[in-house]
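What follows is one structure encoded as C-alpha cells, with my remarks underneath.
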Amino acid sequence: MKEEETVILPDPYIIKAIILKKYPAKIAKKREKSMVVNDRTVPKQIQSNVRTVPGIITQRGCTYAGCKGVVLGPTRDIINITHGPIGCGYYSWLTRRNQTKPLTPEDPNYMTYCFSTDMQDSNIVFGGMEKLKTAIYEAYEIFHPKNIAVFSTCPVGLIGDDVHAVAREMKEKLGINVFAFSCEGYRGVSQSAGHHIANNGLLQHVIGRDDSTPEGKWKVNLLGEYNIGGDAFELERIFEKIGITLVATFSGNSTMRDFERSHTADLNMVMCHRSINYAAEMMEKKYGIPWIKGNFIGAESTAKSLRKIGDYFEDQELKDRIEAVITEEMPAVKKVIDSIRPRTQDKLAMLFVGGSRAHHYQDLFKELGMRTISAGYEFAHRDDYEGRHVLPTIQIDADSRNIEELEVEQDTKRYKKRKDDSVLDVMNKNGMEVRDYYGMMSEMEKNTLVIDDISHWESEKLIEYFKPDVFCAGIKEKYVIQKMGVPLKQLHSYDYGGPYAGFRGAINFYNDIDQLVGASVWKLLHAPWETQQHVEANFVIEPVVP
Ligand code: CFM
C-alpha cells in the first residue's frame, strides 16, 4: 500500500465548504480563493499577498516587523533604532530568539539593547525629527558604533517625519553609516513588504562597501537564514567542516562587515525565498553572482543542498569533501530516525507558518514517516506556493505598488559574471533550481488543503475534522490549539528548542516531535464541544421576511 493511502481522511472539498459556510457571503467569496485543494499535477492558483479580512484573527505581523525584526534584527554590530512609540521597539526586541556569537568579548554586540525614540503625543503633534536626531546622537556618544539604522513605525509615516533626511544629516555629521527605512507597519499587507524594503536598503547602503576578499576556494553567501534557535551555528559548523567559506549569512549570526563584502562571494544560496529573493536577484544583476534555492531543514535536504553547492562549483575536490561529511554525519541521523520512526510513522502534521517554513519543515516530517495533510503560509506570495514560473502572471495591486522596486544596474567596477548562462541552464535542467523555486504545492500530496493567511476559525475546524497529531504555528496560536488537545510546535521560536537545521538540528527535531506526538497528556484533554452544549451565533443577521 502507498504511504498516502494509509489513513482515510475527510473529503477536503466538504471540509472547505463547511468552513466557508459560516462566513458572510462576501467574506466566503474572498476566503474561498485562498483555500485550495492541492493537486500537484494540475497546479491551481491560490490567492495570497492580499489584505487580511478585518476581524478574522490572522496570524500575520506588520511591515515594520519584517524589516526590523526579521531581516536586520539578527545583525549584532549595528544599532537599530525604532522611531516610534516604545511598544514597537520593545516587542520586536529579542523576541525571535536570534542568537549571535561575537568572535571576541570586545566585538560589538548591540542585540541585547533595545533602542527607541519613545515617541510621545507632543512628537506626533509637532514632529519627531528632532527627537530622532537626538536619539542617534545619544546612541553614537554611548556606543560609538560604525552603523546606525532607523526603522519607521506607523505614526512616523502618518505625520510625515523625513527619516531619510535625518539619516543623511547624521551620516554627514558623525562620519559613520546611518540609513533609514520607511517600513511603517501599515505600508504593506504583512511583514512581507518589510522584507522587500529591508532588501532594498541593504543593496543601497551596505553591500559592496568593502572590497577585501575573504580567503577560500569556495565562497558562498547564505541568504534567508536568520539563526532562530542557533540554526546558523549548525550550518556554520557543517560549512567549516567541508571547507566552504561562508562570506555572509543574511542575517543570522552576522556582522555588517560580512554584508559589506558579500559581493565577493561566488554563489548565493537562498534558504527563505520569500524574505530575500529580491536581494538575490539584485546581487546577480549588480555583481554577477547567481543564486540557487537550497533548504537545510531536514537531513536529506541538507545533503541535497550541499551537493548542489558541489555541482555548482564543478570541483571534484569539493564534491569529495561534501560526500565525506555527509557520510560522517548521516549514521547518527539514521540511528535516531530508526528508533523513532515506528512511533511517528503515518502520524499527521499541519503547518501554518510564515513564508517558507510551512514548506521546508515538511521534509523533516517526511523523514519521520509523517504526513503533512494541510499547510499554508501567513504572508507568502503565489510564487512561494506555485513556483516562480507564475511570476509574470501575478497582478500588481496598489498595496504592492506601495513598495519601491529598486532599479539596480551593473556595478562596472565590481561586476564579474561567475558562470555562463549556458552552463547554468544545464545545471537547472538537472534540478539545481538556478534563479528558481518550485514552491510548496508541487511537493504536497494530492487532496491536501493549502490555505493562505489562515484564520483562527479555519484552524479550529481543521483540527476538529482532521485531528492532526501535531500542529505547527506560533505563539499566538499555541494555547488555543493546545486547549483543543493537540500539541502545537512553534516553528518561529522553536519553543526554546533547536537548532533544527542541518544534521544535528534534524536529530533535535526528531526527538522533540517524538515527545510531542507520543505524549499521552494530550489525550486527557477534551475539547469543550465534546462534552458541553455550545451557543452558536451568526455573523450576519438574517433579514426577517414578513
Ligand atoms: Fe523566512 Fe524566517 Fe519564514 Fe520570514 Fe517570519 Fe521567521 Fe517565519 Mo517567524 S524570514 S518567511 S518573516 S523563514 S520571523 S525566520 S519564523 S514568520 S517562516
Side-chain angles (χ1 to χ4, degrees), residues 48-49 52 58-75 91-100 183 185 188-199 202 222-235 249-254 269-280 293-298 301 350-364 372 375-381 383-385 437 439-440 452-454 472-478 488-501 505 509:
S48 54
N49 194 35
T52 301
T58 172
Q59 297 181 319
R60 282 178 171 172
C62 69
T63 301
Y64 159 81
C67 184
K68 192 264 180 186
V70 177
V71 180
L72 280 118
T75 308
Y91 287 107
S92 62
W93 171 51
L94 280 182
T95 50
R96 289 172 58 254
R97 299 194 60 240
N98 291 128
Q99 301 178 9
T100 198
C183 55
V189 300
S190 69
Q191 51 268 65
S192 169
H195 302 145
H196 197 163
I197 293 165
N199 283 207
L202 284 170
L222 204 52
L223 271 60
E225 160 47 58
Y226 301 96
N227 203 21
I228 307 300
D231 278 351
F233 299 149
E234 163 67 357
L235 299 181
T249 299
F250 289 84
S251 50
N253 194 29
S254 61
M269 180 154 240
V270 173
M271 271 271 279
C272 171
H273 170 265
R274 182 62 269 138
S275 62
I276 208 152
N277 72 84
Y278 321 94
K293 175 74 178 73
N295 174 24
F296 292 95
I297 301 297
S301 324
M350 289 184 176
L351 299 96
F352 290 93
V353 207
S356 70
R357 294 180 178 208
H359 179 192
H360 289 162
Y361 277 76
Q362 293 187 24
D363 291 358
L364 275 170
T372 300
Y377 300 122
E378 288 169 42
F379 50 75
H381 303 197
D383 42 317
D384 303 295
Y385 287 103
Y437 170 43
M440 177 167 84
D452 182 68
D453 188 19
I454 197 171
C472 301
I475 190 66
K476 297 198 291 290
E477 296 75 42
K478 179 166 179 163
L488 184 137
K489 179 68 200 160
Q490 283 199 71
L491 287 188
H492 302 265
S493 75
Y494 297 168
D495 284 307
Y496 318 102
Y500 292 144
F509 192 79

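Numbers here are sequence positions counted from 1. Whatever order the structure lists them in is the order used to number ligands and atoms, beginning at 1. What you see is a predicted model, and the numbers here were worked out from it, not measured in a lab.
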Legend entry - Tyr377 and ligand 1 - part of the residue with a heavy-atom distance under 4.0 Å: neither
Legend entry - Residue portion contacting ligand 1 (non-hydrogen atoms closer than 4.0 Å) for Val71: neither
Please output the side-chain donor-acceptor pairs of residues 62-75 that fall under 3.5 Å, not counting sequence neighbours, one pair per line with the distance.
| residue | atom | partner | partner atom | Å |
| --- | --- | --- | --- | --- |
| Thr63 | OG1 | Gly185 | O | 3.2 |
| Thr63 | OG1 | Gly188 | N | 3.0 |
| Thr63 | OG1 | Ser190 | O | 3.2 |
| Tyr64 | OH | Thr82 | OG1 | 2.7 |
| Tyr64 | OH | Cys88 | O | 3.2 |
| Tyr64 | OH | Ser92 | OG | 2.9 |
| Lys68 | NZ | Ser92 | OG | 3.4 |
| Thr75 | OG1 | Ser254 | OG | 2.9 |

Below 4.0 angstrom from a heavy atom of [X], which ligand 1 atoms are there? Numbered from 1 as shown, please.
X      : value
Tyr226 : 2 (Fe), 9 (S), 14 (S)
Ile228 : 14 (S)
Gly355 : 3 (Fe), 10 (S), 17 (S)

Legend entry - Exercise: do Glu378 and His492 side chains pair donor with acceptor under 3.5 Å: yes
Which distance, rounded to the nearest 0.5 Å, do you find between the [atom1] of [X] and the [atom2] of [Y]?
X      : Y      : atom1 : atom2 : value
Asp452 : Phe352 : CG    : CZ    : 10.0 Å
Gln490 : Lys476 : CD    : NZ    : 10.0 Å
His381 : His273 : NE2   : NE2   : 9.5 Å

Inset, instruction - May I have the step-by-step check of side chain to side chain contact (heavy atoms under 4.5 Å, CB included) for Ile228 and Tyr494, ending in yes or no? - result: CA-CA 8 Å; Ile228 307 300; Tyr494 297 168; 4.0 Å; yes
Inset, instruction - Could you check Leu222 against Phe296 for side chain to side chain contact (heavy atoms under 4.5 Å, CB included), going step by step and ending with a plain yes or no? - result: CA-CA 11 Å; Leu222 204 52; Phe296 292 95; 3.8 Å; yes
Inset, instruction - Could you tell me if any non-hydrogen atom of Ser356 lies under 4.0 Å from any atom of ligand 1? - result: yes
Legend entry - Sub-4.0 Å heavy-atom contact, His195 with ligand 1: yes
Inset, instruction - Look at atom 1 (Fe) of ligand 1 and find which of Gly224, Gly252, Cys272 reaches it with the closest heavy atom. - result: Cys272
Inset, instruction - Going by heavy-atom distance to atom 5 (Fe) of ligand 1, choose the closest among Tyr361, Phe352, Phe379. - result: Phe379
